[in-house]
Amino acid sequence: MNQHSQQPIIVWFRRDLRISDNAALYHATLRARPIIPLFIFDTDIINSLSSDGAAFNFQAECLQDLNEGLQRIGGRLFCRKGKALQVHAKLIQEASPSAIFYNRDYEPHARDRDRAVEQLYRSHGIEVQSFKDHVVHEPEEVLTLQNRPYSIFTPYMKAWKSLPVQSPFPTPAKITVAPVESCGILNAHDLHKQVTIPRPLCRGGETQAKKVWEQFIRTSLASYSSNRNIPSIKGTSRLSPYIRFGCIAVRTLYRDLLALKSIPIEAFLNELIWREFYQSVMYHFPDVLTASYKRAFDTLPWNTDTEFLHRWRSGHTGVPLVDAGMRELNQTGWLHNRVRMVVASFLTKQLFIHWKQGEEYFESKLLDIETASNNGGWQWAASTGVDPKPLRIFNPELQAQKFDPEGVYIKTYVPELQNVPLQHLFAPHRMSLDEQHRCGCIIGKTYPRPIVDHRLASEKFKKAYMQLLR
DNA sequence: TGACGTTTTGT
DNA sequence: CAAAACGTC
């Protein structure tokens, strides 16, 4: 081999912390050159992200598992800390790479960063290759007949399903690495991030992700469409933190789903498509990240008082299902999707607080936070986004009756209501004083009175919203 | 992945 | 007459 063929290829891992079905890693191994598997603790991202330390610990677990995976195929992971561009500039000097491979990210700030990095490498005459990996179909691939992006889900979903499917990429059997200095895997403590989430939903890593996915298929997928709405049972896949960090490829999920016979996959598949729909919305309409898609709604008389916001965040609104949800979020870094919709509807349409406030709080707490899905979900909940629907205002009391009929979920997270009889559990403030004393739940004392009246607040929001529609 | 009031249906 | 279906916001 001549000198040139020994020049390594950098595989830059970002949101694809796995060795199986990884487009960039797989394509790099086809070149039969040494590889530098690289992860950067990007100080620009770390400083701007409000994520709880638990998310950084989760990331560290993912990186640990990735390192072990790479070791099994003869390699290892190299980590650096710093501004991405500077880290790359230094690495170019140290390692004289022949190419850099990475998987594409569709967030505006990530695209800016990647453009700058690409320019840097090209200015040194180094090959740059990026790959589709974070989604099954990219924002540029799912377009109308006029080559326009979709802003309505159903036609998007139909177009998405009509596209040809890429098979998963095989896991490399063996790689050779070109060793460089590494700072080791940094967790929340190392990065000076405070951990406030006491019981994170799950541990990170490709190994865990595979187990969770296989168990979901085995035990829960068949009943997904009905059980996914019940927050007290594990009816959903709970894969979202793994998908966010790329511990498992959505390509693999899609292939596994299509291979299933006699299990209905539509409901679950649609959730994957919703995720890609919002990736597409963010990519084509990046302004949604700073303002409502329907701009007029930003002029509604939003409540800027912080007392309600604090009570919502901490789960002390006096509305049992809302409080249970916010406490699940605060304690585990995850929240059941049905309850996400309920707490989001409550913040925006009962407390009349702008969805940006809720989006920001979710970003700070959720292990599974993806900018596109979070933004899309919040704008959906606030009825300010794409995919127009009639104004929907959730009634937390009815939602609880329907989806937590035994009150199991509420009692798990709101121990103050432990002994409240079921017929009062969803509206404990309607108990008589006698009943309150009998079950040891004193409204205004051991559990708050609801901070808003659902009916009044709904009518106020509906009126303001409808006025803008004209 | 609405709520709610009204109409129709099934027993 | 309860439950399902429908229509409207």
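Quick caveat, the model's predicted, so the values are computed rather than measured. A note on names: the letters A, B, ... follow the listed sequences, proteins ahead of strands, and every chain is numbered from 1.
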Mind checking what makes ring-ring contact (aromatic ring centres under 6.0 Å, His included) contact with A/Y361, not counting sequence neighbours?
A/W312
Can you check whether A/N337 has a side-chain N or O nearer than 4.0 Å to OP1 or OP2 of B/dT1?
no
Pairs involving residues 136-154 of chain A, ordered by first then second residue, that meet salt bridge (Lys or Arg N to Asp or Glu O under 4.0 Å) (sequence neighbours left out)
A/R104-A/E138, A/K132-A/E141
ring-ring contact (aromatic ring centres under 6.0 Å, His included) filter on A/F101, not counting sequence neighbours, yields A/F131
Distances under 3.5 Å between protein N/O atoms and the N/O atoms of nucleotides 2-6 of chain B, please, pair by pair.
from	atom 1	to	atom 2	distance (Å)
B/dG2	OP1	A/R392	NH1	3.1
B/dG2	OP2	A/R392	NE	2.8
B/dG2	OP2	A/R392	NH1	2.8
B/dG2	OP2	A/R392	NH2	3.1
B/dG2	O3'	A/Q399	NE2	3.3
B/dG2	N2	A/L391	O	3.4
B/dA3	OP1	A/N395	N	3.1
B/dA3	OP1	A/Q399	NE2	3.2
B/dA3	OP2	A/K402	NZ	3.0

Please tabulate, for side-chain N and O atoms in residues 254-273 of chain A, each donor-acceptor pair with protein atoms closer than 3.5 Å (sequence neighbours left out).
from	atom 1	to	atom 2	distance (Å)
A/D256	OD2	A/W213	NE1	2.8
A/E266	OE1	A/K161	NZ	2.7
A/E271	OE2	A/R228	NH1	2.9

Selection residues 402-412 of chain A - residue pairs positive for side chain to side chain donor-acceptor pair (under 3.5 Å), sequence neighbours left out
A/E328-A/Y409
Taken to the nearest whole Å, CD/A/E459 to C1'/C/dC9 is 12 Å
Between A/R340 (CZ) and B/dT1 (P), how many Å, whole number?
17 Å
